[in-house]
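For reference, the structure is listed below as structure tokens.
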Amino acid sequence: MESLDSAGDSEEILLVTPASALIGYAVLRANYNAEAPSYLDNFQPFILSVLARSGKPFLEKSLISEIIHDEFGISIPSLVVGKLIRRTNRAGLTTAIGQDAVAITDEGLKSAPAISEEVKLYERKQQELVEHFRTFVENSYPNHVDFLLEDLGQALAEYFDRQAVPLLNEGLRGRARSTDDGHGLDFLVSAFVSRLAQSDQARFAYVVEAAKGAMLASVLVLDTSGLSESLSQLSLVLDTPVMMDALGFHGPIPEAAAAQVLTLARNQGAKLVTFEHSVGEVQGILESIEASLRRGSSRSTAAGYLHFAETGKTPVDLAVHRGQVSSKLKDLGVKVIARPDNYYDHGLDEGQLEDLIQKKVRYWQDATRVNDVMSLSSVHRLRHGTRDKSLERCRAVLVSSNTSLVAAAVQFERARAGFPLAITIEALASILWVRTPAAASDVPKQVLLAAAYAGMQPSVSLWSRYLDEVEKLEKSDAVTTDEAIILRSSPVSRETIMEETLGDPDAITAESPKEVLSRIKSEATAPLIDQLSELSQRNNEISQVADHASADWLTQVKAREEAENQVRDLEENKTALEARIQSIKDEDESRRNRILENAQLKAKIRRRRIALTVRLVAVLIVLGALVYFLTLSAPEGKTGATIVGVAGFLSIIGSFLPKDFNLLDRWERRHADRIAKRLLANAGFELTA
């Protein structure tokens with residue numbers, strides 16, 4: 001296969017016209033021929049179709065690129081268009097007109113596919129998909145129907161631009177994924193894609209086919225001359241987050257996607273390796289999660305902690321996982337290797353690389369940045385100075401799920417005209433799948449599902465703000481410690497927060513955790529109430545059957561006995577359910593009483609402090625008056641001191657009066673009532689008059 005000229009790397013490739021992008025990708029997938037002599041031959045139908053339908057004797061090459069972009073949402077670089085036209089010229093399908101134009105031949109007209117008919121077909125499918133999405137939002141998220149006023153066809157395509165990385169494969173160009181352009185639709189579309197995967201395979205198949213077409217198109221950015229070569233000389237170095245995915249420490253959906261990619265890489269001969277310091281980083285992450293689980297609560301926003309907390313894992317489980325990391329990597333076919341020691345032979349400027357990474361990536365810990373620099377530097381040394389632009393011949397590449405890190409690696413290596421030091425796992429999936437699309441049909445689906453799953457998870461900034469509000473409520477006794485733990489670790493918490501905020505951190509308020517807690521309670525009691533209602537209905541039905549039994553006395557008696565037995569069983573179940581509901585109500589009442597006791601305790605403490613202060617002041621007054629009284633010589637001058645001393649003495653006596661006559665005790669009761677009302681309101685209790 002032919003390679004692209006170096007000038008082609010500088011062009012912006014695969015820009016997308018949102019309204020037609022998914023249609024163009026679906027058309028490409030429909031016409032793709034894995035057995036074609038060249039990968040580039042699969043793009044010839046677009047050129048022949050444009051020439052055949054133009055109605056003009058010839059078209060300029062640049063105009064052909066523009067038409068393909070406008071009609072199909074796929075932008076083919078002018079250098080690639082020129083390469084494709086040279087191939088069609090040699091095949092007698094087109095003929096050159098001067099230096100910059102081309103005309104289609106009679107043979108080309110016969111070979112031109114009826115792409116316009118396919119476009120109409122996929123336009124209908126996309127319109128149907130858009131209408132189904134509209135219905136989905138109206139039924140499942142009626143509070144967010146205002147988003148339906150937008151151009152949904154464009155919104156769907158823009159979502160795939162941002163979230164389904166293989167559809168644009170930004171990892172190949174090193175562009176970090178945007179997190180600010182979702183406008184609230186990302187969560188809705190992610191939920192929609194997940195729903196299609198679960199219950200509407202026909203429409204989901206259309207989305208997957210479009211994803212496959214996009215993966216095929218994305219590889220145009222590469223040197224495609226090596227697509228038929230073996231990967232036996234290539235080492236894929238797994239970054240820490242990718243290992244966490246592959247080992248199942250981020251949940252089953254990321255694990256399935258990573259497993260598909262690693263299996264595909266092994267089947268194509270690539271070596272799977274990771275560095276010792278990356279394994280140590282995985283074990284350190286697990287140790288940190290173990291400590292958080294042992295404490296019983298954590299503010300961690302890490303995907304690993306949230307997964308283990310939500311699945312009910314214990315510190316012992318984490319200790320077991322930590323001890324099994326090396327053996328599990330071996331089972332996955334991943335070899336742990338040391339960093340190369342040939343720095344002085346093939347080293348790079350690690351200081352410059354670290355500065356660039358620091359600008360691109362927001363690190364929470366310095367150790368993570370240091371490990372990333374070590375990994376990229378080690379990959380560079382594994383290449384022994386190789387500068388090949390082909391993945392197949394570059395010797396080694398770091399596989400990461402951190403798009404910002406990949407962007408930094410691409411920028412650092414761009415001046416060296418070699419394949420980037422790092423690539424996203426989604427971009428790697430595209431390349432590996434394009435090499436053998438028939439043998440790995442599930443890879444695009446798994447990658448698409450992983451992207452949808454990621455789109456439904458709260459961002460670090462959103463979850464951090466939510467945890468701040470939970471902490472405030474816990475400190476003010478508005479929620480108990482147990483409730484705070486549930487609010488931090490329940491899957492319902494993340495789901496509710498995303499549904500309410502659509503991923504916008506600014507939408508988090510002091511009421512957000514209370515809404516989550518209310519939903520958790522509702523979901524806990526709703527099934528019980530439904531079962532109780534169902535049992536009551538069945539009880540009535542059985543009673544009616546018993547009342548209208550057969551006239552046959554023996555049959556009637558037997559039927560009545562059976563009915564009464566069933567009624568008795570149902571009554572027992574009903575009693576048990578009522579007891580469970582009452583238990584939940586009792587728990588709320590107990591919590592209310594604890595709040596009242598806490599309010600009374602706080603008021604009593606404050607009252608004691610005031611009484612002590614009054615007594616101390618009164619004693620000082622009495623002592624002062626006594627000293628003054630004794631120092632006076634004339635009796636008539638002792639009247640004022642006597643009055644002050646008596647007043648101080650009466651103040652001391654007054655602070656010990658019974659509650660009915662003591663103003664401090666009356667103040668204590670009123671103050672306790674005010675504190676109780678505030679705490680009950682914060683906890684979501686209705687205040688009675």
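Side chains are part of it too, since the values below use all heavy atoms of this structure and drop only hydrogens, waters and symmetry mates.
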Show me the donor-acceptor pairs, under 3.5 Å and distance only, between side chains in residues 244-259 and residues at least two apart or in other chains.
residue: D245; atom: OD1; partner: H250; partner atom: ND1; Å: 2.6

Query - S400: which of D372, D239, T424, T240 passes side chain to side chain donor-acceptor pair (under 3.5 Å) - result: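 Only one of D372, D239, T424, T240 forms a side chain to side chain donor-acceptor pair (under 3.5 Å) with S400, namely D239.
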Atom [atom1] in [X], atom [atom2] in [Y]: separation rounded to 0.5 Å?
X: K335; Y: L238; atom1: NZ; atom2: CG; answer: 14.0 Å
X: F187; Y: F192; atom1: CZ; atom2: CZ; answer: 14.0 Å
X: R395; Y: K271; atom1: CZ; atom2: NZ; answer: 10.0 Å
X: E281; Y: S278; atom1: CD; atom2: OG; answer: 6.5 Å
X: L391; Y: L428; atom1: CG; atom2: CG; answer: 7.0 Å
X: S377; Y: F275; atom1: OG; atom2: CZ; answer: 9.0 Å

Output yes when a side-chain donor or acceptor of [X] lies under 3.5 Å from a complementary backbone atom of [Y], and no otherwise.
X: S378; Y: M374; result: yes
X: T263; Y: Q260; result: no
X: D317; Y: T314; result: yes
X: E392; Y: L234; result: no
X: R266; Y: L332; result: yes

Query raised in the report: Would you find more than 12 non-hydrogen atoms of other residues, nucleotides or ligands less than 6.0 Å from E310 atom CD?
Result: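 Buried by this count: over 12 neighbours within 6.0 Å.
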[X] side chain near [Y] side chain, heavy-atom distance below 4.5 Å:
X: V279; Y: L329; result: yes
X: L405; Y: L376; result: yes
X: L188; Y: F133; result: yes
X: L462; Y: I497; result: yes

Query raised in the report: Side chains of H277 and S375: is there a donor and an acceptor less than 3.5 Å apart?
Result: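 Side-chain D/A pair, H277 to S375: present.
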**Report entry** Flag for K313-H321: side-chain donor and acceptor within less than 3.5 Å
**Finding:**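 No, no side-chain donor-acceptor pair sits under 3.5 Å.
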Query raised in the report: Does the distance from a Lys or Arg side-chain N to an Asp or Glu carboxylate O, for R339 and E276, drop under 4.0 Å?
Result: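 Salt bridge between R339 and E276, a charged N being under 4.0 Å from a carboxylate O: no.
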Requested in this report: Before accepting this row, confirm whether a basic side-chain N of the pair R465/D506 lies closer than 4.0 Å to the acidic partner's carboxylate O.
Outcome: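 Looking at D506 together with R465, the answer is yes, because their closest N to O distance falls below 4.0 Å.
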